[in-house]
> 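Can you keep this structure in mind? I'll have questions shortly.
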Amino acid sequence: MKGRFSLNSTFVTSDEVALIKYQIDLIARPEIVKSGLQRLCGHLEAGRLLPDNSVFHTTVVGLVFSPVPVIRRWAYKALAYIGTQEHLEVLGAKMGGESDAENLTWIVSAMFALSNEKSLKEICRDSGADLTNAIILSSLLFGVNDGLALGREIPQIDIDCADPLTLKWCALLAGYGKAPSNLMHPNIENRALLSALNGHDSEEVSEYSVWAMWKADEFDISDLNIPIHDLHKKPENIRRWTNRLITSNSDFVSKNLDLFQNLYRDTSPKAREGLAIGIRDLQIPDLDRHIVNWLSRETNSDLRELILEYIALSQLGENECVAILLEEYSKAPVDGSLRKRLRAAVSGRRQLLFQKFKEVDARSLLEVSSDGLFGDEALKFGGFTMNSTTFNIGGNLNAQNVSGGNMVAFDNQKIEILKHENPDIGNILEQIVALTRDQSNLSDAQVAHISAAVNAVASQPTSTNKGKLLEALKSLSGVITIGAGAVKLPELIEKLSTLI
């Protein structure tokens, strides 16, 4: 497998699980949710095991109702890996309401992966889906490559006449090493035709073909059918994957550092994101000065996180850049993305740096968790008044009770502490916070009611407080009636009920 980031660990670490959960719960930021789902699927594709698949079930099932097509697509794929036969009903129900043609193929692919009894032909018949070439190809990703399981023969694809969706699945199968021999032509190997797809009229077909070259071990930059000097002319979604392909070859990068400098100066954040993710797999000493220079000029906070992740993983994280990492880590919100990302990066790899991060965490907890931090006096910040509470400024302190503009916030700090002391109830509180923040139709009174109940459990997780929180959740049943929240709410109610 390409790259050192894909280590041969058996299990996904708890810090990595925490990062992914944080990402996929950020419903207000679809690009981060997608990154989290991609990260989750990447581990599962590599054969790593989660300590408990059910940790992600509620959130991933909720995401199949996302209004963002690409989020639904990755949620379907994630379910194919972590789902059970119980999720077939959800996927089957989605068949009738899914408006995106490619997403329909991912639903069928996931259903075929989870179903032990039905052939693909039977699944399509029962769900009302047409047995198209694209759907047949999609079933090969998780299923077995034989006509008996499919219920019909694998089609011979004509690369000159096939629709873009079918060609995208040809590329996907090639990338995952699941493409039958001579899939796109009886006499021409897939390798040559995948290169030909680099120049396809459809931007997405071209993008998928470049992705396949990055994904599959048998391909490298020499297979790319786009001249290096013309890469900047391609759309940003294609540049994103040409950057991943380039950074998968350390010899090529080490001989073309000037090219690397041009790539991180690309004006497109999406293209730079491909580069920032790709460098995680590199260990080139001469690259270090370019990385530090890139960090100094990068203004996109999400991309800065990726660069810092590389630094933490590389030799830079063991010497001159330790101070940079600790400074950025200390400035970051206690329960925010950067701290979770850096802990996940070094967990099990850079023990000394991991310990330094934990020491910063311990100091942060001491600074904000002591009772009576402000005595009985009220402190005023702008239009808000704070009484004997902690408040969120710069992300380091978290609001418990804030009056002013009817704003009520959650005590994230105590929730984070409870997650370590009692993960079952702590994780439920975290999901309730994410659910509440995503519901714009809730009134101030309803948010205040939920906030108070959550904060009470976070402070004292007694049966009485958990019972009051359960009643508060049940009161929302008639309010949250559509979308992901409508699926997630009853599951949270059921989980909380078992803990009382």
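Keep in mind that what you see is a predicted model, and the values were worked out from it rather than measured.
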> So, are R341 and E309 salt-bridged, with charged N and O less than 4.0 Å apart?
yes
> May I ask you to check whether S337 and E305 show a side-chain donor-acceptor distance below 3.5 Å?
yes
> Which residue in the set R339, K21, R343 passes salt bridge (Lys or Arg N to Asp or Glu O under 4.0 Å) when paired with D15?
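With D15 as partner, R339, K21, R343 yield a single salt bridge (Lys or Arg N to Asp or Glu O under 4.0 Å), made by R343.
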> Heavy-atom count around K356 NZ within 6.0 Å, excluding the residue itself: above 12?
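Atom NZ in K356 is not packed in, count stays at 12 or less.
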> With a 4.0 Å cut-off on N to O distance, would you call E31 and K34 a salt bridge?
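Not counted as a salt bridge, because no side-chain N and carboxylate O are separated by less than 4.0 Å.
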> Describe, in one word, how the ring planes of W169 and W106 are oriented to each other, choosing from parallel (under 30°), tilted (30 to 60°) and perpendicular (over 60°).
tilted
> Side chains of S35 and Q23 only: does a donor on one sit below 3.5 Å from an acceptor on the other?
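On atom types as modelled, these side chains do not qualify, holding no pair under 3.5 Å.
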> Check whether S268 reaches the backbone of A271 with its side chain - one donor and one acceptor, N or O, closer than 3.5 Å.
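Judged by distance alone, yes, a pair lies under 3.5 Å.
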> Step by step, would you call K168 with E207 a salt bridge (Lys or Arg N to Asp or Glu O under 4.0 Å)?
CA-CA 9 Å; K168 285 161 74 172; E207 175 190 1; over 6 Å; no
> Check whether any side-chain heavy atom of V346 lies under 4.5 Å from a side-chain heavy atom of F357, and answer yes or no.
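Contact flag for V346/F357 side chains = yes.
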> Ignoring hydrogens and angles, write down the donor-acceptor pairs under 3.5 Å from the side chains of residues 222-233, residues two or more places apart or on other chains.
{"from": "S222", "atom 1": "OG", "to": "D220", "atom 2": "OD1", "distance (Å)": "2.4"}
{"from": "D223", "atom 1": "OD1", "to": "R191", "atom 2": "NE", "distance (Å)": "3.0"}
{"from": "D223", "atom 1": "OD1", "to": "R191", "atom 2": "NH2", "distance (Å)": "3.3"}
{"from": "D223", "atom 1": "OD2", "to": "R191", "atom 2": "NH2", "distance (Å)": "3.1"}
{"from": "D223", "atom 1": "OD2", "to": "D220", "atom 2": "N", "distance (Å)": "3.0"}
{"from": "N225", "atom 1": "ND2", "to": "S195", "atom 2": "O", "distance (Å)": "3.4"}
{"from": "D230", "atom 1": "OD1", "to": "K233", "atom 2": "NZ", "distance (Å)": "3.2"}
{"from": "H232", "atom 1": "ND1", "to": "H229", "atom 2": "O", "distance (Å)": "3.1"}

> Take the angle between the ring planes of F260 and Y264 and call it parallel below 30°, perpendicular above 60°, tilted in between.
perpendicular
> For a quick check under 3.5 Å, do N53 and Y81 share a side-chain donor-acceptor pair by atom type?
no
> Measure the shortest side-chain to side-chain distance between L295 and I324 over non-hydrogen atoms and say whether it is less than 4.5 angstrom.
yes
> Got R280 and I277 here, is their nearest side-chain heavy-atom distance under 4.5 Å?
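Of all side-chain heavy-atom pairs linking I277 with R280, at least one is under 4.5 Å.
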> R244 side chain to R240 main-chain N or O, any donor-acceptor pair under 3.5 Å?
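Absent.
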> Are E328 and K331 close enough, and set up right, to give a salt bridge (Lys or Arg N to Asp or Glu O under 4.0 Å), and what steps lead you there?
CA-CA 5 Å; E328 295 290 337; K331 292 190 301 184; 3.7 Å; yes
> Under 3.5 Å, is there a donor on one side chain and an acceptor on the other for Y22 and E430?
no
> Check step by step if salt bridge (Lys or Arg N to Asp or Glu O under 4.0 Å) holds for E45 and K77.
CA-CA 11 Å; E45 287 168 7; K77 183 177 181 180; 2.6 Å; yes
> Just by distance, do the side chain of S314 and the backbone of I311 share a donor-acceptor pair under 3.5 Å?
yes
> Using distance alone, with no hydrogens and no angle criterion, decide if S209 and N198 have a side-chain donor and acceptor under 3.5 Å apart.
yes
> If we ignore hydrogens and angles and just use 3.5 Å, is the side chain of N103 paired with the main-chain N or O of R72 as donor and acceptor?
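Not confirmed, N103 side chain does not pair with R72 backbone.
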> Do T166 and D163 meet the criterion of a side-chain donor-acceptor pair at a distance under 3.5 Å?
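The answer is yes; a qualifying pair exists.
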> Would you check if the side chain of H43 reaches a backbone N or O of L40 as a donor-acceptor pair within less than 3.5 Å?
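Not a single qualifying donor-acceptor pair exists.
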> Salt bridge check, D302 against R29: does any charged N sit closer than 4.0 Å to a carboxylate O?
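Salt bridge present between R29 and D302.
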